[in-house]
Amino acid sequence: MSQTLKAVRGTRDLLPPETALWNRIESTARSVFARYNFGEIRTPVFEDTALFARSVGEETDIVSKEMYTWEDRARAQSEKTQTLTLRPENTAGVVRAYIEHKLGETGQLQKLYYIGPQFRRERPQKGRYRQFSQIGAEVIGPPSAGSESPLRDAEVLEMLATLLDELGIKGWTLELNSVGSAADRERYNQTLREALIPLAPKMCVDCRRRAVTNPLRVLDCKVPEDQPIIETLPRIYDSLDEASKAHFAAVTATLDAAGVPYTRNHRLVRGLDYYTRTTFEFTHGGLGAQNALLGGGRYDGLSEAIGGPRAPGIGFAMGEDRLVLTLLAQELNQKSAPPQVDAYIAPLGESLNSAALALARELRHTGLYIELGEGSFRLKKSFEAADKTARSIVILGEDELQSGILTVKTFATGVQTKVPRAELAAFLAEPLKG
RNA sequence: GCGGCUAUAGUUCAGCGGCAGAACGCCUGACUGUGGCUCAGGAUGUCGUGGGUUCGAUCCCCACUAGCCGCCCCA
């Protein structure tokens with residue numbers, strides 16, 4: 001019994017016409033990033049495992065159980081084996097590249113974006129795949145370049161609001177919080193742990209476990225009965241030092257001035273260890289449990305954590321798969337787009353096939369979108385095929401070839417006319433006719 | 001990693017312990033160089049994979065695989 005080979009669990013093929021939507025999303029993102037003076041960075045799909053362990057955090061689920069990791073065998077005795085990992089996210093790779101290429105030495109703020117596949121070995125669900133694509137950007141640089149300024153946070157958030165609007169995402173929400181410095185966070189963790197000692201026994205089993213293992217995660221609990229208790233817990237804002245409070249106030253004031261709507265979410269504590277101060281999520285209903293379109297935040301200590309110079313930064317990662325799902329759901333109610341193909345060339349008889357390709361070549365060189373039929377088709381079949389794929393049909397029979405005057409029928413109007421070959425391209429290029 | 005639901009035509013899905021079904025799509029013709037609307041006809045398939053029960057399994061049971069939903073976590 002031969003097994004048919006299939007895409008492995010959690011991976012999938014993207015086919016037309018959906019790939020057109022992916023391209024639209026990516027070109028929109030590139031266009032917005034360019035206007036904000038971001039340049040593209042492309043880092044390797046795999047990296048030394050230590051990079052992720054030291055940046056994302058040894059204890060996070062991502063690193064402890066979701067990475068695709070393998071031992072790269074040595075090819076020579078002098079070569080050491082290395083433990084490699086398919087990147088589970090891209091910020092670590094970008095910061096590694098920033099350090100490796102000494103971009104901090106330029107003294108300039110680095111504004112970098114990426115679009116590409118990431119890999120996590122999670123249980124697949126709708127909007128969650130083992131190979132998934134993220135669109136992300138990072139603003140990073142030495143403090144002297146202004147990399148710590150709350151203006152940078154606000155600008156990134158304002159850019160994201162612009163991007164989601166230009167993509168046509170309706171009804172997004174920006175949720176904003178601050179987790180403070182690494183020290184603030186540790187202090188809060190301790191405060192929370194203590195506050196939970198008397199409360200945890202009244203909460204769900206997961207919270208009882210989290211109260212000990214990872215108190216911050218209690219804030220994410222969705223069990224309705226636990227909500228009143230969670231509301232009484234200390235808020236992270238009260239554990240922030242004055243500088244972090246001031247930073248957060250400046251971010252919100254700048255957003256207010258720019259007219260970017262947001263809601264404060266005291267419970268928004270992100271899972272990756274490297275986040276400091278500002279953290280945020282843009283969410284959208286209709287994605288089920290995977291309601292986050294994108295998430296991000298500031299990571300002022302990340303560069304140093306992986307052996308680089310001080311290089312504060314802020315960035316985000318957007319789930320491209322989820323953008324596609326959201327846009328597809330929105331477009332369900334809209335009528336399908338008209339065919340992009342300008343004309344379908346129908347040769348009448350196989351002897352006209354070569355003349356048809358020559359004509360198609362001529363028209364395509366003018367920039368027209370042309371589909372080429374097949375001379376063995378009966379004209380009726382050519383019409384049926386043309387009507388499904390193109391806005392018009394160009395009939396190429398012996399008469400047309402001899403006279404140089406082609407027969408063109410426009411489907412939208414049903415009008416059929418004779419057009420000299422020299423005028424054909426111009427005729428087809430007019431939207432109302434072609 | 002855990003729990004629940006699901007798997008039948010290209011697609012969306014019915015179905016039943018005893019010949020494999022519908023709609024849409026596809027093909028052919030009515031119409032020999034004219035599509036859409038209509039009418040007539042046609043083909044859809046290892047019923048996810050492997051085992052078991054049974055005279056007989058697409059149906060019942062088990063395992064596996066995959067998808068969906070939730071948990072964990074996260075984009």
Side-chain angles (χ1 to χ4, degrees), chain A residues 1-12 15 56-57 59-67 88-91 116-136 160 204-207 209-210 213-214 216-217 220-223 268-272 275 280-284 287-297 315-326 344 346-349 352 373 375 377-400 407-416:
Chain A
M1 184 52 142
S2 67
Q3 291 292 59
T4 50
L5 291 168
K6 303 196 303 186
V8 304
R9 183 171 170 77
T11 71
R12 63 201 176 125
L15 307 171
V56 176
E59 301 304 317
T60 61
D61 274 24
I62 292 176
V63 171
S64 63
K65 57 186 197 193
E66 294 174 1
M67 296 202 304
E89 56 99 55
N90 218 150
T91 298
Q118 320 291 335
F119 306 85
R120 289 182 203 170
R121 199 177 180 292
E122 297 180 281
R123 181 75 168 241
Q125 285 180 29
K126 192 182 204 66
R128 183 203 306 209
Y129 304 96
R130 290 181 170 181
Q131 174 177 332
F132 57 102
S133 181
Q134 286 189 330
I135 300 175
L160 284 166
C204 68
V205 286
D206 286 328
C207 283
R209 176 177 49 76
R210 287 184 283 219
T213 60
N214 194 349
L216 289 179
R217 292 266 78 89
D220 291 334
C221 180
K222 297 183 184 77
V223 176
L268 183 65
V269 288
R270 306 199 51 75
L272 279 47
Y275 284 116
F280 58 86
E281 249 176 35
F282 282 73
T283 58
H284 190 274
L287 282 170
Q290 282 70 51
N291 69 336
L293 284 172
L294 66 92
F316 65 87
M318 174 180 292
E320 195 172 2
D321 304 75
R322 293 184 188 175
L323 286 179
V324 168
L325 278 178
T326 303
Y344 179 103
L348 293 188
L352 289 152
F377 291 175
R378 291 179 50 196
L379 189 58
K380 172 183 163 62
K381 182 166 171 172
S382 291
F383 261 85
E384 287 171 347
D387 192 31
K388 280 179 199 124
T389 55
R391 291 161 42 219
S392 67
I393 184 168
V394 175
I395 296 164
L396 180 63
E398 283 298 340
D399 294 350
E400 284 84 357
T407 305
V408 182
K409 186 160 185 177
T410 305
F411 291 123
T413 59
V415 174
Q416 182 164 314

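Chain letters run A, B, ... following the sequence lines, proteins first, then strands; residues in each count from 1.
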To the nearest angstrom, how far is A:Asn90 atom CG from B:rA75 atom P?
13 Å
What are the two closest heavy atoms between A:Ala386 and A:Ile393, and how far apart are they?
CB-CD1, 3.8 Å
Applying the Watson-Crick and G-U criteria (both distances under 3.5 angstrom) with [ ] for crossing and | for other-strand pairs, one obtains for RNA chain B (((((((..((((....[..)))).(((((.......))))).....(((((..]....))))))))))))....
Residues in salt bridge (Lys or Arg N to Asp or Glu O under 4.0 Å) with A:Glu122, at least two apart?
A:Arg128
With a 4.0 Å cut-off on heavy atoms, is A:Arg12 in touch with a base, just the backbone sugar-phosphate, or nothing at all?
nothing
For A:Phe282, answer base if it contacts any base atom (sugar-phosphate contacts may also be present), sugar-phosphate if it contacts only those atoms, and nothing otherwise; contact means non-hydrogen atoms under 4.0 Å.
nothing
Could you work out, with ring-ring contact (aromatic ring centres under 6.0 Å, His included) as the rule, every residue matching A:Phe282, not counting sequence neighbours?
A:Trp172
Any base atoms under 4.0 Å from A:Gly349, or only sugar-phosphate, or nothing? Heavy atoms, all strands.
nothing
Can you tell me which nucleotide in B:rG67, B:rA75, B:rC69 comes closest to the side chain of A:Arg9?
B:rG67
For A:Glu384, enumerate each residue passing the salt bridge (Lys or Arg N to Asp or Glu O under 4.0 Å) test, keeping only those at least two apart in sequence or located in another chain.
A:Lys380
Inter-nucleotide C1' distance (B:rU6, B:rG48), Å rounded
11 Å
Nucleotide B:rC71, atom P - distance to CG of A:Asn291 in whole Å:
10 Å
Spacing between A:Glu122 atom CD and B:rG70 atom P, to the nearest angstrom
14 Å
Rounding to an integer number of angstrom, what distance separates B:rC71 and B:rU12 when you compare their P atoms?
26 Å
When rounded to the nearest Å, what value does the distance between P atoms of B:rC59 and B:rA63 take?
16 Å
Base, sugar-phosphate, or nothing for A:Ala317, non-hydrogen atoms under 4.0 angstrom?
sugar-phosphate
Separation between the P atoms of B:rA20 and B:rU58, rounded to whole Å:
10 Å
Shortest non-hydrogen contact between A:Gly414 and A:Lys409, atoms and distance
O-CE, 3.4 Å
Could you tell me the separation between the CD atom of A:Gln131 and the P atom of B:rC74, rounded to a whole number of Å?
21 Å
Between N or O atoms, less than 3.5 Å apart, protein on one side and nucleotides 28-37 of chain B on the other: list the pairs.
residue: B:rG29; atom: OP1; partner: A:Arg378; partner atom: NH1; Å: 2.8
residue: B:rG29; atom: OP2; partner: A:Arg378; partner atom: NH1; Å: 2.8
residue: B:rG33; atom: O6; partner: A:Asp399; partner atom: OD2; Å: 3.0
residue: B:rG33; atom: N1; partner: A:Glu400; partner atom: OE1; Å: 3.3
residue: B:rG33; atom: N1; partner: A:Glu400; partner atom: OE2; Å: 3.1
residue: B:rG33; atom: N2; partner: A:Glu400; partner atom: OE2; Å: 2.8
residue: B:rU34; atom: O2; partner: A:Gln416; partner atom: OE1; Å: 3.1
residue: B:rU34; atom: N3; partner: A:Gln416; partner atom: OE1; Å: 2.7
residue: B:rU34; atom: N3; partner: A:Gln416; partner atom: NE2; Å: 3.0
residue: B:rU34; atom: O4; partner: A:Gln416; partner atom: NE2; Å: 2.6
residue: B:rG35; atom: N7; partner: A:Lys409; partner atom: NZ; Å: 3.4
residue: B:rG35; atom: O6; partner: A:Lys409; partner atom: NZ; Å: 3.1
residue: B:rG35; atom: N2; partner: A:Asp387; partner atom: OD1; Å: 2.8

Quantified in whole Å, what is the C1' atom distance between nucleotide B:rG3 and nucleotide B:rG10?
34 Å
At less than 3.5 Å, do the side-chain atoms of A:Arg128 and the base atoms of B:rC73 form a donor-acceptor pair?
yes
Under 4.0 Å, heavy atoms only, any strand: does A:Arg217 hit a base, just the sugar-phosphate, or nothing?
sugar-phosphate
Using a 4.0 Å heavy-atom cut-off, does A:Glu320 contact any base of the nucleic acid, only the sugar-phosphate backbone, or nothing at all?
nothing
Provide the distance between the two C1' atoms, one in B:rU46 and one in B:rC55, to the nearest whole Å.
23 Å
Table of protein N/O atoms under 3.5 Å from nucleotides 40-45 of chain B N/O atoms:
none

Heavy-atom closest pair, residues A:Phe280 and A:Leu268
CA-CD2, 3.5 Å
